[in-house]
There are 2 protein chains.
Amino acid sequence: MTTTSSAGATEGRREYHTLAVSSSRRSAAVSGKSHAARPTAPTLEAVAAMAGVSRATVSRVVNGSSTVNPDSADAVKRAIAELGYVPNRAARSLASQQSHAIALVVPEDTTRFFGDVYFASIVSGINRRLERSDYLLNLMVASSAPEGKMLRYLAGGVVDGVAVVSHHTSDRFVHQIADMLPMVFGGRPAFSDIDGYVVDVDNVAGAAKATQRLIDIGRTRIATITGPMTMQSGLDRVAGWRQALEQAGLEPGPMVHGDYTLPSGTRAARELLALDSSIDGVFVASDLMASGAQPVFIDRGISVPADVAMVGYDDSPSAVATEVPLTTIRQPSERMGEEMADILLAVLAGDDSKPRETLMPTELIVRESA
Amino acid sequence: MTTTSSAGATEGRREYHTLAVSSSRRSAAVSGKSHAARPTAPTLEAVAAMAGVSRATVSRVVNGSSTVNPDSADAVKRAIAELGYVPNRAARSLASQQSHAIALVVPEDTTRFFGDVYFASIVSGINRRLERSDYLLNLMVASSAPEGKMLRYLAGGVVDGVAVVSHHTSDRFVHQIADMLPMVFGGRPAFSDIDGYVVDVDNVAGAAKATQRLIDIGRTRIATITGPMTMQSGLDRVAGWRQALEQAGLEPGPMVHGDYTLPSGTRAARELLALDSSIDGVFVASDLMASGAQPVFIDRGISVPADVAMVGYDDSPSAVATEVPLTTIRQPSERMGEEMADILLAVLAGDDSKPRETLMPTELIVRESA
DNA sequence: TTGTACGCGTTATCAT
DNA sequence: ATGATAACGCGTACAA
């Protein structure tokens, strides 16, 4: 017998493996399949029934409220396990006004973004921190029409906070995001009038540290292969190189530009050698470029580090993959990601004690190349 | 005057920029700030009121239902624009039983994953396709405790479908995912007994095509620098190389293993030259390795392609960044991502006509190295 | 400590 | 074509 009452609401509603869909409310069920989380996902209600308590109590147990009798708590937990209950995200969000998700906003050009190990590490770090929470990570790439769609998404309450990896975000739309959500930048943004947290690494100090290493081991003709001059980090590392040289009373050696990529390192090394073969040290602004440069020296019979000492930057995997392992500067890029997530999580928890700006320290890693 | 009634529910509830939070329902409001989508986000209700229609009608307009009077539709649209209304995601999900999000499940090791341009392209492709929909992309990395947390998330109805980039997913947990959600693999999974769609590229054919090019230009001593033998693509490309040689009645040249990385290409080239300097052609299983190998030849006075012709694989950016631009095999990795997303979207829309397996074609790109 | 009852913002059914 | 109205599953004042 079927009743027309509202009972049995949790029965036969959603099925994935079954062909006979009983009471789908969806129209687009063209195929015989209705895709949903699982066949008849148990609800709070069901758990409550099984445990012999009210929904409220189950909710309290699930959310770890203290005010709950150990006995009933046990019963609830058993019921949860038995039923394989897992709270419905949407319902929870709706009721609590929190999505329990944060967005990683990437300023266009996904391919370039993902191709960069540095960003990879940041994402990895963000993820690592998020794993210890129950927050989800949403990837939002600002494409052709960034403001429109993304802003709409964010306004829709999809996420509680935003992490922006500020490559060269020149767009104003980040301002609008900052207006509605807590925000943290990975790398200092182009504008300073923005309401958000910033996590960055001290590139100047790092580069100076690298150059100082070359000075410390007695090198005096110190060149540099730079990163792109269109990026803050590229500029900063040149500044650090100059600063260390100046402080030591040394003349800057030749400078050749690269773009952080390996091939550019190869080209730069050849250029460097053509320019001035008297150098005895070189600070390369990325390990990837150093990996490209090193073979050029070696294949021409220039010993590393005996003839030319070399310090890289990043401490990327390629630093130890070169013939002569690279002395390099370790950037806590993964930790940077963790920090970003940590800040966001803290802010979302109402903790306002995080500093607006966090500068992550760099570390000299001494290997064989210098 | 303040009333204690439940009226005014949409007023002064959520504020981000204001310090005085009136009636936050959250406990953790340690700071004076309450973070939410925005101050008093307008609801369907508000739009309905302003447009002088019922919520139902507004909903119809928002969801593009046909059965709605043009006049009221206009009024509604104006109200929406005026109020800056954007539907609440959670509420919509709860009511429609769809999250309008899909997950990209990454089998561990984020750093390695993101460091690979190939995967970067896939993500980029997925994203590209998703942009044309209103689906969101959730990033889920299977870390130390994959089954537990991720499965719980998925069971919670966070997403409607799952894209798995099957690196060397040896875990069984994908089976459990497949049991509850539509799923598509990027790259053939290790097991074939799984209920999911597969999108892959034809690596054997691609490698054969590359090798054939070397044969076509008259090379007879054709070596190969392989990818890792622990990856299906690595294996497949060797197979393609062998196959083309065999078909042409040629003896396979020397084979040296790399791992798709640039430094490994450098090492492999040196090994190769030490092994057998009589080669006149080499198929390198990735452009990155080819970028590492090429300088070794050039710096030793071996001309490319005159002395040794070289074909790479991937048509990555590095293919044109080498001194001698690489003839290579273009993999539609980005299109692969698009296809994956497309399949998922189709399935979610109830379209069951997509083939269970899609093999993407490769293409020979002739440049100067062969 | 526990339960009742209302609200969260939409969708969808069913009359009209 | 349109409007009530009942879900959707959960959180949480408030009362007990």
**Student:** Donor-acceptor pair, B:T358 side chain versus B:V199 backbone, under 3.5 Å?
**Tutor:** no

**Student:** Could you state the atom-to-atom distance from CZ of A:R92 to C1' of C:dG7 in whole Å?
**Tutor:** 17 Å

**Student:** Over its full length, what angle do the end axes of the helix from C:dT1-D:dA16 to C:dT16-D:dA1 make, each axis taken from five pairs and the result rounded to 10 degrees?
**Tutor:** 30°

**Student:** Can you tell me how far P of D:dG11 sits from CZ of A:R89, to the nearest Å?
**Tutor:** 11 Å

**Student:** So does B:Q98 get a side-chain nitrogen or oxygen closer than 4.0 Å to the phosphate oxygens (OP1/OP2) of D:dC8?
**Tutor:** no

**Student:** Would you kindly give the CD-to-P distance between A:E45 and C:dT4, to the nearest whole Å?
**Tutor:** 11 Å

**Student:** Distances for protein N/O vs nucleotides 1-3 of chain D N/O pairs under 3.5 angstrom?
**Tutor:**
from: D:dT2; atom 1: OP1; to: B:S72; atom 2: OG; distance (Å): 2.6
from: D:dT2; atom 1: OP2; to: B:N69; atom 2: N; distance (Å): 2.7
from: D:dT2; atom 1: OP2; to: B:S72; atom 2: OG; distance (Å): 3.4
from: D:dG3; atom 1: OP2; to: B:S54; atom 2: N; distance (Å): 3.0
from: D:dG3; atom 1: OP2; to: B:S54; atom 2: OG; distance (Å): 3.0
from: D:dG3; atom 1: OP2; to: B:T57; atom 2: OG1; distance (Å): 2.8
from: D:dG3; atom 1: N7; to: B:R60; atom 2: NH2; distance (Å): 3.4
from: D:dG3; atom 1: O6; to: B:R60; atom 2: NH2; distance (Å): 2.8

**Student:** Could you tell me whether B:L44 contacts a base, only the sugar-phosphate backbone, or nothing, with contacts defined as non-hydrogen atoms closer than 4.0 Å?
**Tutor:** base

**Student:** If we ignore hydrogens and angles and just use 3.5 Å, is the side chain of A:N138 paired with the main-chain N or O of B:L137 as donor and acceptor?
**Tutor:** yes

**Student:** Taking atom types as modelled and ignoring hydrogens, do the side chains of B:H100 and B:D134 form a donor-acceptor contact shorter than 3.5 angstrom?
**Tutor:** yes

**Student:** Nearest whole angstrom, please: distance from the P of C:dA12 to the CG of B:N63.
**Tutor:** 7 Å

**Student:** Using only side-chain N and O atoms of A:Q97, determine if any of them is under 4.0 Å from OP1 or OP2 of C:dG9.
**Tutor:** yes

**Student:** So, using side chain to side chain contact (heavy atoms under 4.5 Å, CB included) as the criterion, who are the partners of A:V62 when residues are at least two apart?
**Tutor:** A:V58, A:I80, A:Y85, A:P87, A:R92

**Student:** Using only side-chain N and O atoms of B:N88, determine if any of them is under 4.0 Å from OP1 or OP2 of C:dC8.
**Tutor:** no

**Student:** Report yes or no: does B:D351 contribute a side-chain atom to a donor-acceptor pair with the main-chain N or O of B:V347 at less than 3.5 Å?
**Tutor:** no

**Student:** Please give, in whole Å, the distance from C:dT11 P to A:L94 CG?
**Tutor:** 12 Å

**Student:** Check ring pair (Phe, Tyr, Trp, His ring centres under 6.0 Å) between B:Y197 and all other residues, then give those that pass, not counting sequence neighbours.
**Tutor:** none

**Student:** In whole Å, I'd like the distance from the CG atom of B:D134 to the P atom of C:dT10.
**Tutor:** 15 Å

**Student:** Could you pull out all residues at least two apart from A:R55 that satisfy salt bridge (Lys or Arg N to Asp or Glu O under 4.0 Å)?
**Tutor:** A:E45

**Student:** Checking the side chain of A:S99 only, and the main-chain atoms of A:V158 only, is there a donor and an acceptor separated by less than 3.5 Å?
**Tutor:** yes

**Student:** Look at the side-chain N and O atoms of A:S59 and state whether any lies under 4.0 Å from the OP1 or OP2 oxygen of D:dG11.
**Tutor:** yes

**Student:** Name all residues meeting the side chain to side chain contact (heavy atoms under 4.5 Å, CB included) criterion together with A:R128; count only those two or more places apart in sequence or in a different chain, and write none if there are none.
**Tutor:** A:E334, A:E338

